[in-house]
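Basis for what follows: all heavy atoms, side chains included, without hydrogens, waters or symmetry-related copies.
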Amino acid sequence: IFMYSNLAAVLAQKGEYEEALEWADRANTLNVRAGGRPSLESFNGYVHYLKREYAQADATLRRLVAATPLREEQDFLIFAGTQVGLGRFDEAIKVYNDGLALLPKSCNLWEAFGQMYATQGDVVTALATFDKGIVAVPKCGLNYNSAARLLVKNNRVPEAKQKLNALITIAPKSDGAVIAKEILLTLTKPS
């Protein structure tokens, strides 16, 4: 089941939606036969989300949420992202908050929540959200690196360097630290 589901997810991310749906259907069939709950609705919502068909994703995901409350990180990310895509920021905020109430150490939820504010141009709230994510999950690089990129974009390079160096100090062998070092290199190259 997991192999089919993972293959479907990879195919969807590559834009091969029809083949992805076929593999997801196979995984769903096996899952239902094994006594699990149907999951094809969730995958269909995910595909619509990837295709930026936010209205279709929203309709599909709302049917899913009506039957079963969200409980997985990916479900919260996709549903909140769909709301952002539709410009329903208040609803997205509620979904992110619900997700973080259930999964307070989800580095991905904190980072996506901060990115939503950054996209809206609310730099102060975006940085505060990234900082909350850093406090919740100190060794996860996503929030440090996203905060640093936003700081650089707003000509606050010394603060960006501080964020990056803090990550490198606390989690020097992490993937996030590797990315932080790459970002630092771009900041120290002569123009």
Residue pair Leu150 / Leu127, side-chain heavy-atom distance below 4.5 Å: yes
Thr82 to Tyr54 - nearest heavy-atom pair and separation: CG2-O, 3.4 Å
Arg62/Asp58 ion pair, N-O < 4.0 Å: yes
Joint cluster assignment, Tyr96 & Ile78, ILVMFWY side-chain distance < 4.5 Å: yes
Evaluation steps, side chain to side chain contact (heavy atoms under 4.5 Å, CB included), between Asp131 and Lys163: CA-CA 10 Å; Asp131 283 342; Lys163 285 277 186 226; 2.5 Å; yes
Shortest non-hydrogen separation from Ala126 to Ala118 and the atoms involved: CB-N, 3.5 Å
Atom of Val47, atom of Ala12 and distance for their closest heavy-atom approach: CG2-CB, 4.3 Å
Hydrophobic cluster identity match, Leu142 and Phe76, side-chain contacts under 4.5 Å: no
Side-chain donor-acceptor contact under 3.5 Å, Tyr46 with Gln13: yes
Glu19 side, atom CD; Lys14 side, atom NZ - distance, nearest 0.5 Å: 8.5 Å
Nearest heavy-atom neighbours spanning Ala55 and Leu86: N-CD2, 3.8 Å
Nearest atoms (heavy-atom pairs only) where Arg71 meets Leu103: O-CD1, 4.1 Å
Any Thr188 side-chain heavy atom under 4.5 Å of Lys161 side chain: yes
Pairwise distance CH2(Trp110) to SG(Cys140) - rounded to 0.5 angstrom: 12.5 Å
Check: Leu77 main-chain N/O paired with Asn108 side-chain donor or acceptor under 3.5 Å: no
Verify same cluster id: Leu167, Val137 (apolar side-chain graph, 4.5 Å): no
Min side-chain heavy-atom separation Arg149-Ile179 under 4.5 Å: yes
Verdict with supporting geometry, Val124 and Tyr117, side chain to side chain contact (heavy atoms under 4.5 Å, CB included): CA-CA 9 Å; Val124 171; Tyr117 287 117; over 6 Å; no
Euclidean distance, Asn145 CG relative to Glu182 CD, rounded to 0.5 Å: 9.5 Å
4.5 Å side-chain heavy-atom contact, Ser146 and Gln115: yes
Any donor-acceptor pair under 3.5 Å from Thr125 side chain to Asp122 backbone: no
Nearest-0.5 Å distance, CG of residue Leu70 to CG of residue Leu102: 9.5 Å
Test side chain to side chain contact (heavy atoms under 4.5 Å, CB included) applied to Asn143 and Thr129, step by step: CA-CA 9 Å; Asn143 290 290; Thr129 304; over 6 Å; no
Side chain to side chain, Tyr144 and Ile170, heavy atoms closer than 4.5 Å: yes
Reported NZ-to-NZ distance for the pair Lys139 and Lys173, which is rounded to 0.5 angstrom: 11.5 Å
Whether over 12 other heavy atoms sit under 6.0 Å from Asn97 CG: yes
Straight-line distance of Thr186 OG1 to Lys181 NZ, nearest 0.5 Å: 15.0 Å
Smallest separation among heavy atoms of Ala160 and Val152, with atom names: CB-CG2, 3.6 Å
Donor + acceptor pair across side chains of Gln56, His48 (<3.5 Å): no
Student check: side-chain heavy atoms of Phe113 and Ile93 closer than 4.5 Å: yes
Heavy-atom check, side chain of Gln83 versus side chain of Phe89, under 4.5 Å: no
Val157 vs Leu151 side-chain heavy atoms within contact, under 4.5 Å: no
Transitive ILVMFWY side-chain link Leu61 to Val95, under 4.5 Å: yes
